[in-house]
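Some notes on the structure that comes next.
In each ligand, atom 1 is the first atom listed, and ligand 1 is the first ligand listed. None of these values were measured; they are calculated from a predicted model.
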Amino acid sequence: MRTEVADQTPHEQVVRCHDATTGLVGFIAVHSTALGPALGGTRFYPYASEADALGDALRLSRAMSYKNALAGLDHGGGKAVIIGDPSLDKTEDLLRAYGRHVEALGGRYVTAADAGTSVADMDLVAGTSRWVTGRSPEYGGCGDSSLLTAYGLFQGMRAAAEVRWGEPTLAGRTVGVCGVGKVGTHLVGHLIGDGATVVVTDIDAGAVARVLTAHPGVTAVADAAALVRATLDVYAPCALGGALDDDTAAALTAAVVCGAANNQLAHPAVARALAARGILYAPDFVVNAGGVIQVADELTGFSMRRARAKAARIFATTRDVLLTAARTGVLPVTAAEALAESRMAAGPWATTLFPGLAAGPRVSAQPQVPLP
Ligand code: NAD
């Protein structure tokens with residue numbers, strides 16, 4: 001939990017959303033539209049203060065700029081936060097009121113689901129705004145984005161395996177998955193299919209039981225601390241942010257960390273602590289972009305085949321980032337940020353930086369808005 005607005009990076013626009021009738025209080029942060037309309041989810045969370053909520057929106061929207069740029073999307077970064085307990089405070093009227101704020105931005109910000117909001121919520125927000133994606137298939141949407149998040153994560157993990165061990169496979173490796181919710185469960189399926197040994201943990205015993213039933217070869221340990229200390233080749237944090245702290249970095253047995261959770265590093269120095277122990281960290285915003293690729297594709301008329309092909313490129317991007325970091329002696333996070341910044345500076349469809357994109361269809365049916 002943040003206690004102050006610490007992220008002072010320049011954002012293009014920040015909007016406070018308020019609706020007295022429904023109790024809506026939140027923020028929409030547009031970090032950048034350099035590559036196109038800002039795209040990022042709406043988080044519904046019981047922040048302790050407006051300052052905490054604003055700080056989170058600023059930090060998360062900046063991260064979306066980097067994630068979207070590295071994913072090869074013609075989208076800038078944005079994020080919205082709504083203050084409240086989603087199980088108590090999230091009402092249809094509140095979501096519709098929120099949609100009116102999204103609509104007022106005229107397409108500079110496109111929203112989607114995030115922690116505390118769902119695909120069904122996006123259907124409601126779409127009642128008052130055109131700038132919503134990640135909707136349910138009944139409304140022509142792409143549905144649950146965890147499918148391609150897990151697929152892209154698996155591709156990133158294969159790339160990390162190649163950089164670390166010379167082969168782009170997890171076959172014969174032991175992978176620890178912390179959190180077998182939507183993404184973690186799909187990831188386990190990919191790993192088993194690839195021939196990995198999988199160990200899982202989750203605070204939800206039912207989630208663990210479902211995975212063990214589906215995959216009898218998988219084993220479980222009591223909690224995240226036990227998983228971190230288990231003998232692993234790869235550790236995959238797929239639960240909450242902040243999973244990698246100083247204690248975790250010191251205790252990990254794995255040689256590779258590659259997971260879906262956003263903002264895995266409890267603080268930036270953990271990346272250096274991991275590197276100092278020879279642990280290869282595949283940055284979260286590089287490897288977990290499959291979900292935003294999936295929801296971005298919906299804006300052009302969703303094609304799972306096309307979206308999956310774009311998510312497959314996470315393999316090449318992760319490999320580029322990790323090899324560049326090794327070659328230039330910087331942290332993978334630093335190499336990833338530099339690559340994202342170069343793409344943002346170059347503008348949309350910079351095929352010189354992303355030659356692989358030249359082979360794909362140039363899709364221009366996204367909502368077009370005049371940029372300032
Ligand atoms: P989810 O809520 O479906 O699953 C999270 C799982 O983690 C749950 O089963 C929960 O019980 C478990 N968990 C929570 N705290 C835990 C703990 N301390 N130890 C062990 N398990 C714990 O969420 P998800 O959609 O699978 O997303 C997982 C992570 O990936 C989140 O951090 C999310 O922000 C991130 N992410 C998700 C997507 C997506 O498309 N769903 C995209 C990008 C990033």
Side-chain angles (χ1 to χ4, degrees), residues 39-45 56 59-60 63-64 66-68 70-71 73 77 79 81 86-87 111-119 121-122 133-135 141-157 176-190 199-212 214 220-230 235-245 247-248 257-266 282-298 304 307-308 311 314:
L39 172 61
T42 300
R43 184 162 293 192
F44 208 121
Y45 186 80
D56 216 22
R59 187 172 52 86
L60 291 166
M64 287 309 301
Y66 284 79
K67 187 189 293 194
N68 292 343
L70 286 168
L73 298 173
K79 201 87 177 186
V81 299
S87 63
T111 198
D114 194 68
T117 57
S118 65
V119 169
D121 294 337
M122 291 307 114
T133 187
R135 296 187 61 193
C142 69
D144 179 6
S145 63
S146 65
L147 269 179
L148 287 191
T149 300
Y151 176 70
L153 174 61
F154 175 59
Q155 299 307 323
M157 200 180 286
V177 180
C178 182
V180 279
K182 295 184 290 294
V183 176
T185 297
H186 291 308
L187 176 67
V188 170
H190 290 300
V199 189
V200 303
T201 194
D202 197 296
I203 52 171
D204 178 351
V208 172
R210 283 189 290 278
V211 169
L212 298 190
V221 295
D223 55 25
L227 189 60
V228 164
R229 285 167 176 75
Y235 180 60
C238 295
L240 305 177
L244 302 172
D245 58 15
D247 293 342
T248 308
V257 174
C258 180
N262 284 309
N263 306 313
Q264 286 166 32
L265 300 173
D284 44 21
F285 58 95
V286 180
V287 296
N288 73 7
V292 75
I293 290 171
Q294 183 171 330
V295 300
D297 195 85
E298 181 179 318
M304 179 56 94
R308 191 177 159 97
I314 290 174

* Residues in ring pair (Phe, Tyr, Trp, His ring centres under 6.0 Å) contact with Tyr151, at least two apart in sequence or another chain ->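 Tyr151 satisfies ring pair (Phe, Tyr, Trp, His ring centres under 6.0 Å) with His190 only.
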
What I want to know is whether [X] and ligand 1 share at least one N or O pair that is separated by under 3.5 angstrom.
X: Lys67; value: no
X: Ala239; value: yes
X: Ser145; value: yes
X: Lys182; value: yes
X: Ala207; value: no
X: Asn288; value: no

May I ask which of [options] has a heavy atom nearer to [atom] than the others do?
atom: atom 40 (O) of ligand 1; options: Leu148, Thr149, Asn263; answer: Thr149
atom: atom 8 (C) of ligand 1; options: Val287, Asp202, Asp204; answer: Asp202
atom: atom 27 (O) of ligand 1; options: Leu227, Ile293, Val183, Leu60; answer: Val183
atom: atom 44 (C) of ligand 1; options: Ala243, Ala260, Gly242, Ala225; answer: Ala260

* Asked: Going by heavy atoms, is Ala115 under 4.0 Å from ligand 1?
  ->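 So Ala115 does not count as touching ligand 1.
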
* Gly181 neighbourhood, listing ligand 1 atoms whose heavy-atom distance to it stays under 4.0 Å -> 3 (O), 4 (O), 6 (C), 9 (O), 26 (O)

* **Pairs touching residues 286-296 that satisfy salt bridge (Lys or Arg N to Asp or Glu O under 4.0 Å), sequence neighbours left out** => none

* Go through Leu148 and Arg308 one step at a time and tell me if the side chain to side chain contact (heavy atoms under 4.5 Å, CB included) criterion holds. => CA-CA 7 Å; Leu148 287 191; Arg308 191 177 159 97; 4.1 Å; yes

* Asked: Would you say the side chains of Asp121 and Ser118 form a donor-acceptor pair under 3.5 Å?
  ->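 There is such a pair between these side chains.
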
* To do: Measure the shortest side-chain to side-chain distance between Ile314 and Ile293 over non-hydrogen atoms and say whether it is less than 4.5 angstrom.
  =>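 Yes, close enough: below the 4.5 Å cut-off.
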
